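Below, chains carry the letters A, B, ... as their sequence lines are ordered, and counting in each starts from 1. Owing to the predicted nature of the structure, the values given are computational and were not obtained by experimental measurement.
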Number of protein chains: 2
Amino acid sequence: MVTVSTSKAETRTYHHGDLRSALVDAGLKALEIAPLEELSLRQIARDAGVSATAVYRHFPDKRALLAAMAHEGFDRLGAAQFNAVEQASPPLRFAESGRAYVRFALANPALFRLIFTYGEQFEGDHPDNLAARLLRAQTTEQRHGNVAEADRLSLQAWALVHGLAMLMLDGRINADDALIDRIIDPGSLFVVPGGGTAPAV
Amino acid sequence: MVTVSTSKAETRTYHHGDLRSALVDAGLKALEIAPLEELSLRQIARDAGVSATAVYRHFPDKRALLAAMAHEGFDRLGAAQFNAVEQASPPLRFAESGRAYVRFALANPALFRLIFTYGEQFEGDHPDNLAARLLRAQTTEQRHGNVAEADRLSLQAWALVHGLAMLMLDGRINADDALIDRIIDPGSLFVVPGGGTAPAV
DNA sequence: ACGCTATGTTTACGACATAAACATTAAACG
DNA sequence: CGTTTAATGTTTATGTCGTAAACATAGCGT
């Protein structure tokens, strides 16, 4: 039987070239339209045009593939936050970073869940992306070097936006843009007793 | 063949009596030692001493069984919060309710996740348990009837504790009791610009 | 007493994750 | 260059899963 190769110059090699990233890409693409629990290793392999067991040449099991996808997702989330921080002027950076966080979650629900379900655990110290590190540094400075307080503020802010994102994803509160703004309100949150909003970095 | 019944008076009837709650109970018990994704309908049925397909006489599918379990879990969470609110004196009720929320999540990780993954969606209005309603009413009063502001405070508080619980469950921040207290700190959160902590209900 | 309907069981099917054995090809080494 | 070898694919097989369909039993209203 004559193998009719595709007309394109892309020589259909037995070996794939970079199956590992192809699988991660296929998985991330699938996550855009399907929830996490509907992702099957077999489907991802099919999408990548490869047999199911080929996956095991690159990942010890399904979990590891999901972890690789989560890693990539974490990077994308970090990039979204960094962009938001970069584009905002100092007094609004904290709030903008939070808004970017929640918006990313709403735009990529399944991926956002995956990041926190299968992402690497960062025990001990909390994990950071660039934006978070930047914000904490600026907050520390604004708090006259009170690191403990800046740390607390960072965690409180993280918990707030993470909870907001999760509750919206789970349909507990309306995924409404105006509501996001009302919850992440620099004027109402973290106000120092002396007057003036706190993390005005 | 002679059916050797168990010596106990519990006559092994063909019909179960209350299989529905037995299944929910078995599922909840299983969730105490295994994560959600390891829960199989077949295992739950086995634990209840019944064939797998018997489940379908009481639930249309696995999802519905999980939803019933989530409902029961939601009630337990609400009860835990209510107890905390009841036992705390007014100025600390808000914070104690939050602490109870996070403690419940840490004590029942799989159940807590289930509640928010498979629980009923409450679109439009946010869902409440008794404790939340009570707190919001008191906050409204303390804010001289400013309902919008009380609502915002309630949502902010919910997002904060929910995010804290989730991040701890996912191993992003240490599930440490002292840390919970530091994050849920009435003295640092929601402070009104005029002075004095805000939701001091 | 009898039959209807509740609620169970057995059997069957296709999808899944993964293990084991086998096939192909790219790269290392002569 | 040609040969060996390790990397990277495929095929086949196993046991578990959710669920549909057909069948069995028993409790209840008449």
Side-chain angles (χ1 to χ4, degrees), chain A residues 1-6 9-27 30-31 33-70 110 114 117-118, chain B residues 1-6 9-31 33-70 110 114 117-118:
Chain A
M1 148 183 135
V2 181
T3 299
V4 181
S5 81
T6 41
E10 47 169 64
T11 41
R12 273 261 156 265
T13 56
Y14 181 92
H15 285 263
H16 184 286
D18 190 3
L19 182 53
R20 195 196 138 94
S21 11
L23 289 170
V24 171
D25 284 356
L31 266 195
I33 53 175
L36 179 55
E37 66 265 31
E38 284 175 23
L39 262 212
S40 80
L41 182 150
R42 295 168 101 106
Q43 183 60 54
I44 295 176
R46 257 174 253 137
D47 291 350
V50 104
S51 80
T53 51
V55 175
Y56 292 88
R57 296 295 168 192
H58 300 273
F59 301 98
D61 55 15
K62 182 186 181 184
R63 239 196 127 75
L65 169 54
L66 293 180
M69 291 164 53
L114 177 70
T117 310
Y118 288 84
Chain B
M1 148 187 145
V2 181
T3 300
V4 182
S5 81
T6 41
E10 47 166 65
T11 41
R12 274 259 156 267
T13 57
Y14 181 91
H15 285 262
H16 184 285
D18 190 4
L19 182 53
R20 196 196 136 95
S21 8
L23 289 169
V24 171
D25 284 357
L28 290 174
K29 193 136 307 187
L31 267 194
I33 52 175
L36 180 54
E37 66 264 30
E38 285 176 21
L39 260 211
S40 80
L41 182 149
R42 292 169 103 108
Q43 184 59 54
I44 296 177
R46 257 174 250 136
D47 291 350
V50 105
S51 79
T53 50
V55 175
Y56 291 87
R57 295 298 166 189
H58 300 273
F59 302 98
D61 55 15
K62 182 187 182 184
R63 236 193 130 74
L65 169 55
L66 292 180
M69 290 163 52
L114 177 70
T117 310
Y118 288 84

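As rounded to whole Å, 12 Å separates atom P of dT18(C) from atom CD1 of Ile44(A). Atom-to-atom, CD of Glu37(A) to C1' of dC16(C) comes out at 15 Å; the value is rounded to the nearest Å. In this structure, Arg57(B) atom CZ and dT5(C) atom P are separated by 14 Å, rounded to whole Å. Separating the CG atom of Asp18(B) from the P atom of dG27(D) is a distance of 15 Å, rounded to the nearest angstrom. Taking atom CG on Leu23(B) and atom C1' on dT7(C), their separation rounds to 12 Å, with Å as the unit.
Under the Watson-Crick or G-U wobble criterion, with both distances below 3.5 Å, dT25(D) is left unpaired in every strand shown. Nucleotide dA6(C) is matched to nothing when pairs are restricted to Watson-Crick or G-U wobble geometry with both distances under 3.5 angstrom.
Ser21(A) meets the side chain to side chain contact (heavy atoms under 4.5 Å, CB included) test with Asp18(A); sequence neighbours excluded. Here Asp25(A) pairs with nothing under the side chain to side chain contact (heavy atoms under 4.5 Å, CB included) rule; sequence neighbours left out. Qualifying side-chain hydrogen bond (donor to acceptor under 3.5 Å, both in side chains) partners for Arg46(A), counting only residues two or more places apart in sequence or in other chains: Gln43(A). Residues passing the side-chain hydrogen bond (donor to acceptor under 3.5 Å, both in side chains) test with Glu37(B): none are found, sequence neighbours excluded.
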Would you tabulate the side-chain donor-acceptor contacts of residues 53-64 of chain B under 3.5 Å, counting partners in other chains and residues two or more places apart, or write 'none'?
{"from": "Asp61(B)", "atom 1": "OD1", "to": "Arg63(B)", "atom 2": "N", "distance (Å)": "3.4"}
{"from": "Asp61(B)", "atom 1": "OD1", "to": "Ala64(B)", "atom 2": "N", "distance (Å)": "3.0"}
{"from": "Lys62(B)", "atom 1": "NZ", "to": "Leu39(B)", "atom 2": "O", "distance (Å)": "2.8"}

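Residue His58(B) places none of its side-chain N or O atoms closer than 4.0 Å to OP1 or OP2 of dA6(C).
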How does each nucleotide of nucleotides 13-20 of chain D score, in 5' to 3' order, for protein heavy atoms under 4.0 Å: base (B), sugar-phosphate only (S), or none (-)?
----BBBB
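Residues Lys29(B) and Asp47(B) form no side-chain contact, since every pair of their non-hydrogen atoms from C-beta on lies 4.5 Å or further apart.
Val50(A) comes within 4.0 angstrom of sugar-phosphate atoms only, judged by non-hydrogen atoms across all strands, and of no base.
For dA7(D), the base is anti relative to its sugar; the glycosidic angle deviates from 0 by more than 90°.
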